[in-house]
Protein chains: 2
Amino acid sequence: MSTAKNYKPTESELEILGILWEKGAGTVREVHEILEKSKDAGYTTTLKLMQIMHEKGLLKRDTSSKTHVYEAAISQESTQQQLLTKMIDTVFNGSATQLVMQALGNHRSSQEELDKIKQYLNEIEQQQKK
Amino acid sequence: MSTAKNYKPTESELEILGILWEKGAGTVREVHEILEKSKDAGYTTTLKLMQIMHEKGLLKRDTSSKTHVYEAAISQESTQQQLLTKMIDTVFNGSATQLVMQALGNHRSSQEELDKIKQYLNEIEQQQKK
DNA sequence: ATTTGTTTACGAAGATATTCGTAGATCATA
DNA sequence: TATGATCTACGAATATCTTCGTAAACAAAT
């Protein structure tokens, strides 16, 4: 069986996870209203999706009141990590560097952000020297 | 209708594209033998997938000899770009920087690669000043 | 108490992706 | 020419994802 940890969320599931990561816990109604802005789907569709995600262990939920409150059960970081790894593997010939350069080249970053990255690079180098 | 350009390949399709990008043109048999190493599927499954990909415009094929020869019809770069954009958007809160740092942090890069990235950063900065 | 609105649960239809068996064509070779 | 190996084409079964209608529970308002 696949635990939630290494389960690969579908496209729709990722959209919902994204919303919950950003806003923290929320009801189906709340999630749905945000979702509607970028997608059109009925309320029960969102409900069903979130129920399935709960079954799969992707969401936790609090059913103590009539209106259930959901929350992401997997962290954004671990999900990012998993998707990145997969992507590097299948599309970037296994090279993280290739991915980084591609991302930097085509998604305009501000000077501030570039500085942040530079600083981070230095930190990594320091660590490696030890 | 969606052209091959903006069509989003499925998981299986990406695996096949990855193989063809790396090795260049190839027959179903060749692709299948590489695919088998990481996945188990029958020969006709791979065949069918590649035929469908051809219909969708993801692969070109040369049918002049009995054994057809396939080739990727979409570039690795544009596909990388498309997937990156989507991923940044849904999983990294729209921040390419966040993705870059996550990738750097968890996928060990050699000093050489780090230097390459630094150099690339400098190039970007130069460009921006103009 | 009845109506109205909101919620969950359930089931099923529809869409898409994946898998593979089987048949027929082609070719090498015994 | 027959045999066997390899290939494509086709169709269909299976699995998975997505969508939504409907019903039942509940609460608030009339």
Side-chain angles (χ1 to χ4, degrees), chain A residues 1-2 4 6-20 25-71 79 83 86 90, chain B residues 1-4 6-20 25-71 74 79 83 86 90:
Chain A
M1 224 220 36
S2 86
N6 62 13
Y7 177 80
K8 187 178 183 293
T10 66
E11 203 52 40
S12 302
E13 288 171 347
L14 272 182
E15 285 171 357
I16 289 174
L17 280 170
I19 290 171
L20 289 173
T27 65
V28 174
R29 171 79 38 201
E30 288 166 350
V31 170
H32 178 64
E33 256 152 29
I34 296 174
L35 203 54
E36 263 186 327
K37 291 177 195 161
S38 57
K39 190 190 188 181
D40 85 340
Y43 173 81
T44 53
T45 300
T46 305
L47 170 66
K48 181 69 167 188
L49 270 174
M50 290 176 72
Q51 286 172 338
I52 290 173
M53 288 172 75
H54 174 249
E55 278 171 26
K56 287 179 177 174
L58 292 174
L59 300 183
K60 289 180 282 195
R61 74 173 170 184
D62 174 353
T63 58
S64 59
S65 60
K66 184 199 165 196
T67 304
H68 301 176
V69 177
Y70 291 79
E71 191 178 353
T79 306
L83 295 179
K86 180 90 187 184
T90 61
Chain B
M1 226 225 27
S2 86
T3 64
N6 61 12
Y7 177 81
K8 188 180 182 294
T10 67
E11 202 53 40
S12 302
E13 288 171 348
L14 272 182
E15 286 171 356
I16 289 173
L17 280 171
I19 290 170
L20 288 173
T27 65
V28 174
R29 171 82 36 204
E30 287 166 349
V31 170
H32 179 63
E33 258 153 28
I34 296 173
L35 203 55
E36 262 186 326
K37 291 177 196 162
S38 57
K39 190 189 189 181
D40 85 342
Y43 174 81
T44 53
T45 300
T46 305
L47 170 67
K48 182 71 167 187
L49 270 175
M50 290 175 73
Q51 286 172 339
I52 290 173
M53 288 171 77
H54 174 249
E55 278 171 25
K56 287 179 177 173
L58 292 174
L59 300 184
K60 288 180 283 195
R61 74 173 169 183
D62 174 354
T63 59
S64 60
S65 59
K66 183 200 165 196
T67 304
H68 301 177
V69 177
Y70 291 79
E71 192 177 354
I74 61 176
T79 306
L83 294 179
K86 181 87 186 185
T90 61

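Naming convention: chains lettered A, B, ... in sequence-line order (proteins, then strands); numbering from 1 in each chain. Since we're looking at a predicted model, the values are computed, not measured.
- Taking atom CE of residue B:Met50 and atom P of nucleotide D:dC7, one finds them 12 Å apart after rounding to whole Å.
- Rounded to an integer number of Å, the gap from B:Glu55 CD to D:dC10 C1' is 11 Å.
- Between C:dT6 and A:Arg29, no contact under 4.0 Å exists linking OP1 or OP2 to a side-chain N or O.
- Considering CD of B:Glu71 and CG of B:Leu17, their distance stands at 11.5 Å, rounded to 0.5 Å.
- Of all nucleotides listed (D:dT19, C:dT8, C:dT18), D:dT19 comes nearest to the side chain of A:Thr45.
- Between B:Thr46 atom OG1 and B:Gln51 atom CD the span is 11.0 Å, to the nearest 0.5 Å.
- When the side-chain nitrogen and oxygen atoms of B:Tyr43 are compared with OP1 and OP2 of C:dT19, none of them lie within a distance under 4.0 Å.
- At whole-Å resolution of the value, CD1 in A:Ile52 and C1' in C:dA12 are 12 Å apart.
- Counting any heavy atom pair closer than 4.0 Å across all strands shown, B:Thr67 reaches sugar-phosphate atoms only and no base atom.
- The structure places CZ of A:Arg61 at 8.0 Å from CD of A:Glu55, a figure rounded to the nearest 0.5 Å.
- To the nearest 0.5 angstrom, B:His32 atom NE2 is 10.5 Å from B:Ile16 atom CD1.
- Contact of B:Lys66 with C:dT26 (side chain to base): a donor-acceptor pair of N or O atoms is detected under 3.5 Å.
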Query - Stepwise side-chain contact (heavy atoms from CB on, under 4.5 Å) test for A:Ser12 and A:Lys39 - result: CA-CA 10 Å; A:Ser12 302; A:Lys39 190 190 188 181; 3.6 Å; yes

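- Here D:dA9 is the nucleotide among D:dA9, C:dT18, D:dT18 with the atom lying nearest to any side-chain atom of B:Leu47.
- Straight-line distance from the NE2 atom of B:His54 to the P atom of D:dC10: 13 Å, rounded to whole Å.
- Checking C:dA17, C:dC20, C:dT19 against every side-chain atom of B:Lys56, the shortest atom distance belongs to C:dA17.
- Remark: P of C:dT18 and CG of B:Leu35 are 12 Å apart, rounded to the nearest angstrom.
- Going from atom CG of B:Leu47 over to atom CZ of B:Arg29 covers 10.0 Å, rounded to the nearest 0.5 Å.
- Toward the 5' end of DNA chain C, the nearer of the two residues A:His68 and A:Lys48, judged by each one's closest nucleotide, is A:His68.
- Contact between the side-chain N/O atoms of B:Ser12 and the OP1/OP2 oxygens of C:dT18 is found at a separation under 4.0 Å.
- Spacing between atom NE2 of A:His32 and atom C1' of D:dC20 amounts to 12 Å, rounded to whole angstrom units.
- Per the geometry, NZ belonging to B:Lys8 stands 15 Å off C1' belonging to D:dT18, to the nearest Å.
- Both A:Thr10 and B:Tyr70 sit near DNA chain D, but only B:Tyr70 has its closest nucleotide nearer the 5' end.
- At least one side-chain nitrogen or oxygen of B:Arg61 sits closer than 4.0 Å to the OP1 or OP2 atom of D:dA9.
- Heavy atoms of B:Thr44 sit under 4.0 angstrom from at least one base atom.
- Between B:Glu30 atom CD and D:dT8 atom C1' there is a gap of 16 Å when expressed in whole angstrom units.
- The shortest distance between the side-chain N/O atoms of B:Gln51 and the OP1/OP2 oxygens of D:dA9 is below 4.0 Å.
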